Amino acid sequence: MPDFTSLQFRPFRDDDLLLAALGQVAIARHDDGLVLRLDGSARAANPGGFIHGGAIATLFDVALYEAARAGFGAPTVTAALEIKFLRAGDPQAPIHVETRTLRAGRSLTTCTGSAYQGGRLIAYATAQFVKAGPAAEVPAS
C-alpha cells in the first residue's frame, strides 16, 4: 500500500453534490497522479453496513475525471468505467483513491485508480475519458 501520510491534502471542490453527500473529500497531488480521500461517513453505507458500491464508483469517477482533465487541460466526459470490487469496505474509515494516467491522446485518455482502506486494496478501476467540446446550446422552443 502506498504511504499517503506525506501528502498535503486540501479540501476538494464543493460543486459536486453527489460526492459531497458521501462525506468530507480532500485531494492531493503526487508524482504519478492524484489522490482523492473520502473521510468516513455513515452516509456512504449500504443496508449491509459496508461502504456502498455506488459510493466507491462515484469516488473513482470523480478522481479519474480529475486526472484526465489535468492531462487534457480541458473538461472531459466519461466514456467507460470498469470497477473490480476486491473486498468490503468500512463506511466509517477513510478511503484513498490513487490515480494514474496510462495513456493520454489528443481526444481520449485512459486512467486507472486503486482504492485503499486500512492498508488494504479494496477496489480497482480503469476508465476512458473523451475531451469534451463546448457545451451545446439548447434551441428555444
Side-chain angles (χ1 to χ4, degrees), residues 1-140:
M1 157 145 161
D3 180 11
F4 300 118
T5 58
S6 64
L7 298 179
Q8 299 295 315
F9 283 93
R10 61 178 170 75
F12 188 61
R13 59 183 170 82
D14 60 1
D15 62 347
D16 188 320
L17 297 179
L18 177 59
L19 189 62
L22 299 177
Q24 294 290 326
V25 179
I27 190 168
R29 296 200 181 280
H30 67 86
D31 295 337
D32 297 322
L34 304 168
V35 176
L36 204 66
R37 182 187 71 214
L38 172 67
D39 290 330
S41 168
R43 294 177 285 182
N46 67 17
F50 302 108
I51 190 157
H52 198 291
I56 293 173
T58 299
L59 285 172
F60 274 129
D61 192 42
V62 173
L64 295 171
Y65 163 83
E66 290 294 328
R69 185 174 67 90
F72 278 139
T76 68
V77 293
T78 307
L81 175 62
E82 180 181 2
I83 302 169
K84 301 293 184 191
F85 298 97
L86 306 174
R87 58 179 43 94
D90 178 357
Q92 301 291 347
I95 294 177
H96 292 87
V97 173
E98 180 181 39
T99 68
R100 298 197 189 287
T101 300
L102 297 179
R103 182 179 184 285
R106 288 182 296 176
S107 61
L108 179 80
T109 190
T110 301
C111 301
T112 63
S114 300
Y116 296 94
Q117 187 176 59
R120 300 175 74 182
L121 182 66
I122 64 168
Y124 180 83
T126 303
Q128 288 79 41
F129 293 86
V130 177
K131 189 183 292 186
E137 289 190 29
V138 178

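Values reported hereafter were calculated over all heavy atoms of this structure, with side chains retained and with hydrogens, waters and symmetry mates removed. From a predicted model like this one, the values you see are computed outputs, not experimental measurements.
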**Prompt:** Arg13 and Val62: side chain to side chain contact (heavy atoms under 4.5 Å, CB included), yes or no, with the steps?
**Reply:** CA-CA 11 Å; Arg13 59 183 170 82; Val62 173; 4.1 Å; yes

If you count every heavy atom of other residues, nucleotides or ligands that lies below 6.0 Å from [X] atom [atom1], does the total exceed 12?
{"X": "Asp15", "atom1": "CG", "value": "yes"}
{"X": "Gln92", "atom1": "CD", "value": "yes"}
{"X": "Arg87", "atom1": "CZ", "value": "yes"}

Which heavy atom of [X] sits nearest to which heavy atom of [Y], and what is that distance?
{"X": "Phe50", "Y": "Ala88", "result": "CD2-CB, 3.4 Å"}
{"X": "Thr109", "Y": "Ala68", "result": "CG2-CB, 3.3 Å"}
{"X": "His30", "Y": "Leu7", "result": "CB-CD2, 3.8 Å"}
{"X": "Glu98", "Y": "Pro2", "result": "OE1-CG, 3.3 Å"}
{"X": "Ala125", "Y": "Leu81", "result": "CB-CD1, 4.2 Å"}
{"X": "Ala28", "Y": "Gln8", "result": "CB-O, 3.6 Å"}

Enter the distance from [X]:[atom1] to [Y]:[atom2] here, rounded to the nearest 0.5 Å.
{"X": "Thr112", "Y": "Leu64", "atom1": "OG1", "atom2": "CG", "answer": "7.5 Å"}
{"X": "Thr78", "Y": "Tyr65", "atom1": "OG1", "atom2": "OH", "answer": "9.0 Å"}
{"X": "Leu108", "Y": "Arg103", "atom1": "CG", "atom2": "CZ", "answer": "7.0 Å"}

**Message:** Please determine whether side chain to side chain contact (heavy atoms under 4.5 Å, CB included) holds for the pair Leu34 and Val97, giving the CA-CA distance in whole Å, both sets of side-chain angles, and the decisive distance to 0.1 Å.
**Reply:** CA-CA 8 Å; Leu34 304 168; Val97 173; over 6 Å; no

**Message:** Going by ring pair (Phe, Tyr, Trp, His ring centres under 6.0 Å), name the residues that satisfy it together with Phe9, two or more places apart in sequence or in a different chain.
**Reply:**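 Residues passing ring pair (Phe, Tyr, Trp, His ring centres under 6.0 Å) with Phe9: His96.
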
**Asked** Between Cys111 and Thr99, does a side chain to side chain contact (heavy atoms under 4.5 Å, CB included) hold up when you go through it step by step?
**Response** CA-CA 7 Å; Cys111 301; Thr99 68; 5.7 Å; no

Distance-only check: which donor-acceptor pairs under 3.5 Å involve side-chain atoms of residues 36-43, not counting sequence neighbours?
unit_1, atom_1, unit_2, atom_2, d
Arg37, NE, Asp39, OD1, 3.0
Ser41, OG, Leu22, O, 3.3
Ser41, OG, Arg43, N, 3.1
Ser41, OG, Arg43, NE, 3.1

**Prompt:** Checking side-chain contact (heavy atoms from CB on, under 4.5 Å) against Phe85, which of Ile122, Ile51, Ile56 comes through?
**Reply:**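 Among Ile122, Ile51, Ile56, the one that satisfies the side-chain contact (heavy atoms from CB on, under 4.5 Å) with Phe85 is Ile56.
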
**Message:** Checking Arg29 now: which residues fulfil salt bridge (charged side-chain N to carboxylate O under 4.0 Å, His left out) with it, not counting sequence neighbours?
**Reply:** none

